[in-house]
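All remarks here apply to the structure that follows.
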Amino acid sequence: MNDVTNSKLKKLKQYAFDKDSTLKFIEFLMQKTEVIAPQNKGQASYSYEIVKDAKDVVLDYPRTIQPLKKFFLPPVEDLLAFDLNANTYQEEKIEAKDKIFFGIHNYELEGIKRLDYSFKKGNPESNYLTRREKSMFIGISYEPDSYHFSESVGIPADKIDGFCLFFDKISNKSDYMVFVVDENGQKLIDSFGKVNEVKSKAEITAKKFQNKVKLHYNRIPQVFDHVYKSKVWDKVAERCVGCGTCNLLCATCYCFDVRDEIEINAKDGKRTRFWDGCMLNTFAEVAGGENFREKLNQRTRHRLYRKFKYITDHSGELHCIGCGRCSKYCPADISIVEIINSLIDDYTTQQKKN
Amino acid sequence: MSKPKVAFFDFTGCEGCQLNKLNFENELLDLLELVDIVEFREAMDDKAEEYDIAFIEGSISSPSCVERIHDIRRRSKILVALGQCAVSGGINAIKNLHPMDEVQETVYGKDKYLFPSIPAQPVSAIVKVDYEVRGCPMSAPEYLHVFKSLVLGRKPEVIDHSVCVECKLRENECVLDKGMFCLGPITRGGCGAICPTNGQYCIGCRGPVSNINKNGAVEMLKKHGFSVNEALKRMKMFSANELDKKIEWGR
Amino acid sequence: METLNVEKKNLYNPVISEILKVESLTATEKRFEIALPKSAMLNHKPGQFVEVSIFGFGEAPISICSSPTRTPTFELTVRKTGRLTDKMHELKAGNALGIRGPFGNGFDIEKFKGKDILYVAGGIGLAPLKSLIDYTIDKRNDFKRIIILYGTKNPAEILFPKEIEEWKKRSDIEFYITVDRPDDKWKGNVGVITTLIPPLELDVENTIVSVVGPPIMYKFVIMSLKGKRIPDENIYLSLERRMKCGVGKCGHCQINGSYVCQEGPVYHYPRCKELEEAI
Amino acid sequence: MMGKDLQINVHHVTRVEGHGNIVVDMKSGKLLKAQLDIVEPPRFFEAMLKGRNFIEAAIITSRICGICSLGHQMTSLKATEAALGLEISEQTKRLRKILVNGSTFQSNVLHALFLATPDLLNVGSVFPLVNTHKDVVLAALRLKRLANEIGELVSGRAVHPISCVPGGFTKLPTEKELMDLKEKLLKQGLKDAQYAVDVLASVAGNIPNFIRETEYISVYSDKEYGLYEGDVCSSDVGLLPVEKYLEITNEFVVPHSTSKHAKFNRSSYQVGAMARFNNSHKLLTDNAKKTAEKLGLKAPCHNPYMISVAQMVEVVYCIEDTVAQIDAILSAGIKQENPNQEATRYGRGIATTEVPRGILFHDYTYNRQGMIEAANCVIPTGQNLQNIDDDMKKLVPEIIKESKEDITKKLEMLVRAYDPCISCSVHMLDVEFVE
Ligand SMILES: Cc1cc2nc3c(=O)[nH]c(=O)nc-3n(C[C@H](O)[C@H](O)[C@H](O)COP(=O)(O)OP(=O)(O)OC[C@H]3O[C@@H](n4cnc5c(N)ncnc54)[C@H](O)[C@@H]3O)c2cc1C
Ligand code: SF4
Ligand code: SF4
Ligand code: SF4
């Protein structure tokens, strides 16, 4: 994987899009294939939805409720449909469908890359990977709110590799500088044709993050080597109510539960999987009532180690992308950045003592 | 294989759960194919001697109810508590928060001994309950699941995750974000988060999740602008028995 | 973007297999002999497990209790504890089951060769161990002593009585059994399984120990083994966790950074010590 | 007629909501007792309301009764809005009217077709009819489903509605959903209702002929068939403002009932579908009027056994009025509005609504913190109880020559005709016994 950094950005072709051409561009994409983009949800929330009308697309949004994973690992997914009497089954037919994700924040795509790793590793899972095929991503820059901390986990505003195009907002108006990141992007621009290449090359505007981790992201796994027994876990657990929101909305969480249900005719049925999470009480409970992570401090610790250590040890990357969902939607106002910073404090005091 | 004999019994409650059972208009005839309904006072005259599955609705709140539920238990192979009144005492249990004597006196004055009353109790306080269908009203999908499972000789799934989980699965806008209060984080799911889905906050009608963090819950509600008392009052609307027994709230 | 071109598999499709024989072992345990379609071999290693499913009743991980050395068929011993296992107990020869697997890491048999083998089985833990016991018996010459320690709560819960009779009869196997609570007829040892360990005379450096039992048993057995000065490197444990997929995806079985369904269920004890949540 | 002895004790009358016993005691031809004993344990709802805030009132009162949960919510919301001075929009009002229609529709179908009709066909429940009269049962089930769909669409759930709150709705149906509902009501609903009416007409001959004139009390509005709003109307004295409800209901306690009884100008009065029909029949839709004609129902009707017939007439009305309300909402366009919950005052609020079983009153007093200080609910079944007792006292001597089984059956049918909702009626707070 080669990182595109600002030095390379200058070599990319750039096009100027105003509000109208952006709208036209979405419509142009919609004619080609299915387009998925952020839209309003409820009164003050957003979600990624299939676009029915280009005007519904909202490009200025802090984050959606569910991350992009819902398109590749649906919240509720039938695995098999079976016939009880005949003891036969059919697997759910999953087709790889062309789709373009438009208006995607860069951390969101990083989340997908992490999930790709998890679903390829060991036993590559066809359900996820088939859905994942034939997806193109068009990125957009965003203004970090008090929950975003992507920069702190190594995803600065100018990390745009993996997108085919990237829209960077250049003024307070709805104008964008569009960077062509790969040949697919160039093809799209060429066949759209209504915009002009800009010769004086720009950089992607740096963004100011209010929410920051105290230590460089390279050193976070190292902190996690030393804080397994930290008191921080107990402190957090006093406030956490174990609702599981932070797991379910996490862009890189992918644990699931599987249940069978029989239809009312007592003949047909389905085996279905659901998003699940390690913060929930029954997650690690086995027959006989033994619960291997009964306490909330154990569960919180497991959740964070999954993000910063366990998978990282294999993949070499942090499996937290700094979207801030777990903190924004936590009903107990628990902030993951605060947890990490407390752990870092704990770690530095330890180091000083030694 | 002969069809299982199924009976429905009602104790103190609003009978909304009874009614809910008749609200499966699309599935009702299919359900009837699977079982013999042998007793259902609200809908029919017949009575039977014993039952494979007895569904009990309502809380136990008078001495004669106690005798009746013992009798039903003796005659039933599987007994299911249906709806929050039967599962936890439900909303009836609010009266338990006040001394019984006082409640009776307000109601009957000097004649309080005419109509004996006892605290509203869950069925499980009197007899063994095999399975539960929670909710006020009972959650329709959960009832169908339990009914089908038992008729097919299978243990039903017991849901013990929060309502938030189901909200998240549906990608609902969180009502907390709208500045409302919500009991979803500490309430047992299984209802499909139907209240937040309809823009309303979760009033906790399915009772708390097991292994609940009591102090955390109070802290959470305090953060949303509730006094400890108000928070407790809200949490106990449907769970006076469960919360009072198991948990000493923030005292 | 990084390529998605990997050979991907549908991981969740069971193979419909036939039950050849069902045998009641105790009030709550039954043994099932199962054949894959077209007499296919399961090709398992002792200590591995399969995911068993019955449509409408769910899926569960069950250890393979027969040795790969024996027949093309394989055996499972199942305790009745819930949705799926209750239903399994209703099944008869000729009925079908869904099988996925074999999954997980079995015992590292190569390391056992030429050594004394000590088995410590608690309750249903004898089922997964039996696969290995039978294997070592079938290749008896590859190993030196074979010692089997087996403990159950009471005599009614003793599994595999026929096999136990044979083990007892054989002069090349040392078999000791104990129960926590005896009944009137019981004449043997009484006490928890750890009481069987101190009296053993062992060549500690050359004894490989395999332990399988309920979660609480491990701590105490390890303590007794340490009392005997058995080196940690000689100890293997098989751990149980909740599992939904068996293929390292669902997350339920994770012990710290380790997936029991991938790295386990059999763990080398030194590795367990790295995993804080293991025992 | 010579001194007959007769003792009837029907323990827990079936096919009614809640627990009640019929007790008849006749010695030597003298009627000592003919009454409906209400044995449901009391539930102390008014006590539960004390100290609750204005959002919780409707949530709690909904749980008084699962069958009438929507009616309780509506009345509760209106009382709260009156007490706090909350204005609601035209759209909210229309959506609520749809809900009231839906719940009247569903409850009437349930009662007339599932609970009362088996008597006319001489069977003990609706279940045998699945085999003998499958088409009717299917039509009735479809009707019930449709009625519930109205509730589910507009309020989130048919039992204990969710989205209707003081000041408005937390979620609104979409235009498409309303349009689909209208389609269904017109295409399938009216057809099934007509079919059920035809079947009912064919067995109407089995309805006992018993006449006792009484006072009929219902909500009345001169603009529409009185259900959601209007004044109180008595067939004896005409219109009265809702604020006078205590003078109308005059609740009193009898020892054989855990629920209070009521009376106004006579020893008893009747509420419910028949009272509404007698008072407001002129405001029915044409189709509903024709249905009444077909079923032989003419105002004023003094036969309580005909209540189920009046209920079927209302079913036709509710379907048609729902369509009219949908049209009005759609032509104005759905406005996304938040519930208006800014209190402009704190005080007492009294409200009335027709629920399927009759007129319902809620009366709350809020303190300055927005908490309920005092609450009172007067429930239709309670208001009917004295009337049922009076009916029985007249009926038993009239049919005394019949067999005990027949008498018992007719008494059960009478009680059932009122569609009593006993859980609902057992709600009282402060009770004094009359000697
Ligand atoms: C590697 C491995 C090997 C096993 N080998 C055997 C064996 O050889 N014989 C045998 O009888 N059992 C074995 N088990 C345990 C067996 O998997 C569980 O008893 C089984 O999952 C229960 O499923 P159920 O549907 O019957 O019960 P359920 O109705 O699903 O559950 C009953 C209870 O078991 C819990 N539970 C759910 N899934 C599991 C799980 N995977 N493991 C443990 N508890 C669970 C539930 O939380 C619940 O409390 C093994 C487990 C593992 C992980
Ligand atoms: S969202 Fe917050 S309260 Fe809920 S489990 Fe996560 S940390 Fe705990
Ligand atoms: S609305 Fe309530 S139940 Fe839903 S996510 Fe928010 S807090 Fe949880
Ligand atoms: S969301 Fe809450 S109040 Fe609503 S049905 Fe579910 S548990 Fe009950």
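- Checked against side-chain hydrogen bond (donor to acceptor under 3.5 Å, both in side chains), R73(B) has the following partners two or more places apart in sequence or in another chain: D130(B).
- Only the side chain of L176(B) comes within less than 4.5 Å of a heavy atom of chain A; its backbone N, CA, C and O stay farther away.
- Aromatic pair F72(A)/F119(A): centroids not less than 6.0 angstrom apart.
- Ion pairing between a basic and an acidic side chain is recognised when a charged N comes within 4.0 Å of a carboxylate O; E125(A) and R131(A) show no such pairing.
- If you measure heavy-atom distances from L296(A) to chain B, the contacts under 4.5 Å come from the side chain alone.
- For L249(A), the part lying under 4.5 angstrom from a heavy atom of chain B is the side chain only.
- Remark: Y107(A) pairs with H105(A), Y142(A), H148(A) by the ring pair (Phe, Tyr, Trp, His ring centres under 6.0 Å) rule, at least two apart or across chains.
- Heavy atoms of L144(B) lying under 4.5 Å from chain A belong exclusively to its side chain.
- The two residues I262(A) and K267(A) come nearest to each other via the heavy atoms CG2-N, 4.4 Å.
- The contact between R170(B) and chain A is made entirely by backbone atoms, counting heavy-atom distances below 4.5 Å.
- Heavy-atom distances place the side chain of K223(B), and not its backbone, under 4.5 Å from chain A.
- F283(A) does not touch chain B: none of its heavy atoms, backbone or side chain, sits under 4.5 Å away.
- Applying the side-chain hydrogen bond (donor to acceptor under 3.5 Å, both in side chains) definition to pairs two or more places apart or across chains, those involving residues 184-200 of chain B are N172(B)-T197(B).
- Of the residues E166(B), E142(B), E132(B), the one that meets the salt bridge (charged side-chain N to carboxylate O under 4.0 Å, His left out) test with R206(B) is E142(B).
- If you check the side chains of T88(A) and D83(A), you find no donor sitting under 3.5 Å from an acceptor.
- Enclosure of atom NZ in K270(A) is not indicated, since only 12 or fewer non-hydrogen atoms of other residues, nucleotides or ligands lie within 6.0 angstrom.
- Classified by interplanar angle (parallel below 30°, tilted 30° to 60°, perpendicular above 60°), the ring pair F147(B)/F55(B) is parallel.
- Identified by a heavy-atom distance below 4.5 Å to chain B, the contributing residues of residues 35-44 of chain A are K41(A), G42(A), Q43(A), A44(A), in residue-number order.
- In this structure, a donor-acceptor pair under 3.5 Å is present between the side chains of D160(B) and S210(B).
- Contact of E219(B) with chain A is not made at all, since no heavy-atom distance falls under 4.5 Å.
- Of all the listed residues (K148(B), E173(B), E33(B), K168(B)), the one sharing the greatest number of non-hydrogen pairs under 4.5 Å with chain A is E173(B).
- By number of non-hydrogen pairs under 4.5 angstrom with chain B, the leading residue of A266(A), G277(A), C243(A) is C243(A).
- Heavy-atom distances place the backbone of E263(A), and not its side chain, under 4.5 Å from chain B.
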